[in-house]
S.K.: 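There's a structure below that I have some questions on.
Here is the naming used below: chain letters follow the sequence lines, and residue numbers restart at 1 for every chain.
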2 protein chains.
Amino acid sequence: MRARPVQSMEPTASLATVAADAGVSVATVSRIVNGKNGRASAETVARVEEVIARLGYRPNPVGRALKRRASRVVAMLSPNLDNPAMAAIAVSTEAALRDAGYVMILCDTHDRAELQDDYLRAMRGQYVAGYVMVGALRSRGLEEAIGRGDPMVFVARHNPLGGGAYVGIDNRAAGADAADFLLAQGIDRPAVLMAAQNASSTAERAEGFIARLVARGVPDEAIRRASVPGLSHVEVGYAAASSLVREGDWPRGLFCVSDMIAYGAYRLACESGVRVPQDCMLVGVDGNAINAWIAPWLTSIRVPYENFGRHVVDQLRSLWGGAATAEIRVPHGSLTS
Amino acid sequence: MRARPVQSMEPTASLATVAADAGVSVATVSRIVNGKNGRASAETVARVEEVIARLGYRPNPVGRALKRRASRVVAMLSPNLDNPAMAAIAVSTEAALRDAGYVMILCDTHDRAELQDDYLRAMRGQYVAGYVMVGALRSRGLEEAIGRGDPMVFVARHNPLGGGAYVGIDNRAAGADAADFLLAQGIDRPAVLMAAQNASSTAERAEGFIARLVARGVPDEAIRRASVPGLSHVEVGYAAASSLVREGDWPRGLFCVSDMIAYGAYRLACESGVRVPQDCMLVGVDGNAINAWIAPWLTSIRVPYENFGRHVVDQLRSLWGGAATAEIRVPHGSLTS
DNA sequence: CTGAAAGCGCTTACAG
DNA sequence: CTGAAAGCGCTTACAG
């Protein structure tokens, strides 16, 4: 004797199943499912909806995507989830997309242009509804996608080709805040550590920092700065701090354009017997959640990444609606440690 | 005068385009694309391949998925990317899937069964090739998916329903290693901190720790332990440590079943003026990359998450090949700080 | 060795 | 108000 299959194991209902059960055509069911029933009798609608509910019908996204040449999938291209800030962006974007009825394919580009292009091409084949570019690189594929007008929002790092929908903080203002803060601590000659690579946003932070310092009377040539190449910000921080102190004393205050850079500088400070923040105050940007637990010595400008996802989806909606691209500047927090 | 469209902006070639250009049927092109050309003349193959190369044809994954009822998309369901260990699993899995020709949809379940089920259902509609369950929860949808025989591999946390393909370390052995290490440091009464929730793997670590201690002569009742509920391991660590020291002194050694729990305990130690590791040695599990930079006070059992992705893909391949499910126990590292 | 045809699940003019 | 039909891009028996 065979066990009766449980209801849940029955194959998913299709439009055809529903249509047959309701005694109407698939066209009619399709219209009702899509809310295009300005032209469907009330009885028909009721009957079809009953069948849909009873059978637990859900439109198949693949069939739909093929016909519409558009899916409910959004691609996120991100350079590295190892950075808690990038992870936070991914998390909030995933949640916001889900609330909007989309799912997210995660593409880790490792900050490599060829990988970015491979993914851009592959995602196009998936008929993705849009692209969330976290830290985009200049590349052939990017140019093509933009030329095509594919919906694309840039997060944290600007479109390397200029223009485009953007979500991020006001980096220059954040840098200026860091300058004000350090000055207010009585540190009149703070230095700055930055990454030399792929860094529109972090470069802006450094610029804002320096500009504010200069505006407040610090001679430009008195502002020590170190910039080293590299993709890992912790390593960049360590190396940049090394290069900075190789040419002089430890500064009493150090603006690090990201928390990861600050972590790197911190390690060198520890190795050098420099106490943080007593001997050298470290100011970062990101406000990683982990700081409160294990990096109380760090003062950081909090970036509300948990809100980025919402704004990213807003941007995508504008693009889908045909609106012109715009920038969304999310307000950053004050400095906290 | 209109600008000539650049080649890259031409719509993607389809099977039909290729077939027309090569003067053969789509069926023939399809067979060649799929390597089923045991029965295709050498000339035909050459001609078709030339056209494919010239037109840059790439099979459309959506059309293919619809027909095959199977896509090249794999779903990863993960409870929280905020945890660096989870992020590391996502990163390595994404890379391994990509190398195998798959893309990954990231589904953040927030450790909630309804969300897990929503995603399971949605992903089924996408005809995903398989599921990577990081920290699966017991749920109706999970039962159904397993009943259906959907390819599913469990990572870090076992299948709550028992059985199934698994990738993880030997948690009991890791706990035992922590016990040996603390004993070797001359700490004869170490305590243990754990999470009370959704924690097959972390519970195993605690068991292994306690069992080894007992085996080495520590009376079971002398082993202090604290277990508190909660999803955030940092908060769990803080609360568990609080509850532990509320009933006695700070122990000289504390085994924390995850690095995040150790971070939480660390904060309480700092607040209590307890020095780590001088007064209290903290041993964690995960070996987060960040430790080397900002948590040198932590000794941790390194879990090679960067290899998990490879094993996950191996597991999926076995399942696709119809093999029986098995467990892969990735060797964990020795204790490092 | 190759092609015509059916069909995966859906949408949408078009006709009635 | 509703349905038959075409077609999105692909695969695969089936026939030849």
S.K.: Residues two or more places apart in sequence or in another chain: which of them pass side-chain hydrogen bond (donor to acceptor under 3.5 Å, both in side chains) with A:Ser78?
M.R.: none

S.K.: I'd like a table of atom pairs between the protein and nucleotides 13-16 of chain D - only N or O on both sides, under 3.5 Å - with the distance next to each one.
M.R.:
unit_1, atom_1, unit_2, atom_2, d
D:dA13, N6, B:Arg31, NH2, 3.3

S.K.: Establish, with yes or no, whether the OP1 or OP2 oxygen of C:dG3 is under 4.0 angstrom from a side-chain nitrogen or oxygen of B:Thr28.
M.R.: yes

S.K.: Distance check needed: C:dA4 P versus B:Leu15 CG, whole Å only.
M.R.: 14 Å

S.K.: Quick one: label B:Val33 by what it contacts on the DNA or RNA (base, sugar-phosphate, nothing), any heavy atom closer than 4.0 Å.
M.R.: nothing

S.K.: Classify B:Pro61 by what it touches in the nucleic acid, base, sugar-phosphate, or nothing, heavy-atom distance under 4.0 Å.
M.R.: nothing

S.K.: Check the distance between D:dC10's P and A:Gln126's CD and give it to me in whole angstrom.
M.R.: 12 Å

S.K.: Kindly write out the residues that satisfy side-chain hydrogen bond (donor to acceptor under 3.5 Å, both in side chains) with A:Ser92, not counting sequence neighbours, or none if the list is empty.
M.R.: none

S.K.: Looking only at the side chain of B:Arg64 (C-beta and beyond, no hydrogens), which of the listed nucleotides D:dG9, D:dT11, D:dG3 gets closest?
M.R.: D:dT11

S.K.: Sequence neighbours left out, what passes side-chain hydrogen bond (donor to acceptor under 3.5 Å, both in side chains) with B:Asp314? Give chain and number order.
M.R.: none

S.K.: Report the residues that fulfil side-chain hydrogen bond (donor to acceptor under 3.5 Å, both in side chains) with A:Tyr57, sequence neighbours left out, ordered by chain and then residue number.
M.R.: none

S.K.: Can you tell me which nucleotide in C:dA4, C:dG9, C:dT11 comes closest to the side chain of A:Arg68?
M.R.: C:dT11

S.K.: Within the 4.0 Å heavy-atom criterion, would you say A:Ser14 contacts the bases, only the backbone, or no part of the nucleic acid?
M.R.: sugar-phosphate

S.K.: Can you tell me which stems DNA chain D forms when a stem means 3 or more consecutive Watson-Crick or G-U pairs under 3.5 Å?
M.R.: C:1-3 with D:14-16, C:5-12 with D:5-12, C:14-16 with D:1-3

S.K.: State which residue, out of B:Thr28, B:Ile32, B:Val29, B:Val26, fulfils the side-chain contact (heavy atoms from CB on, under 4.5 Å) condition with B:Val18.
M.R.: B:Val29

S.K.: Of the candidate nucleotides C:dG3, C:dG9, C:dT11, which contains the atom at the shortest distance from the side chain of A:Ser30?
M.R.: C:dT11

S.K.: Once you round it to whole Å, what is the distance between P of D:dG9 and OH of B:Tyr57?
M.R.: 10 Å

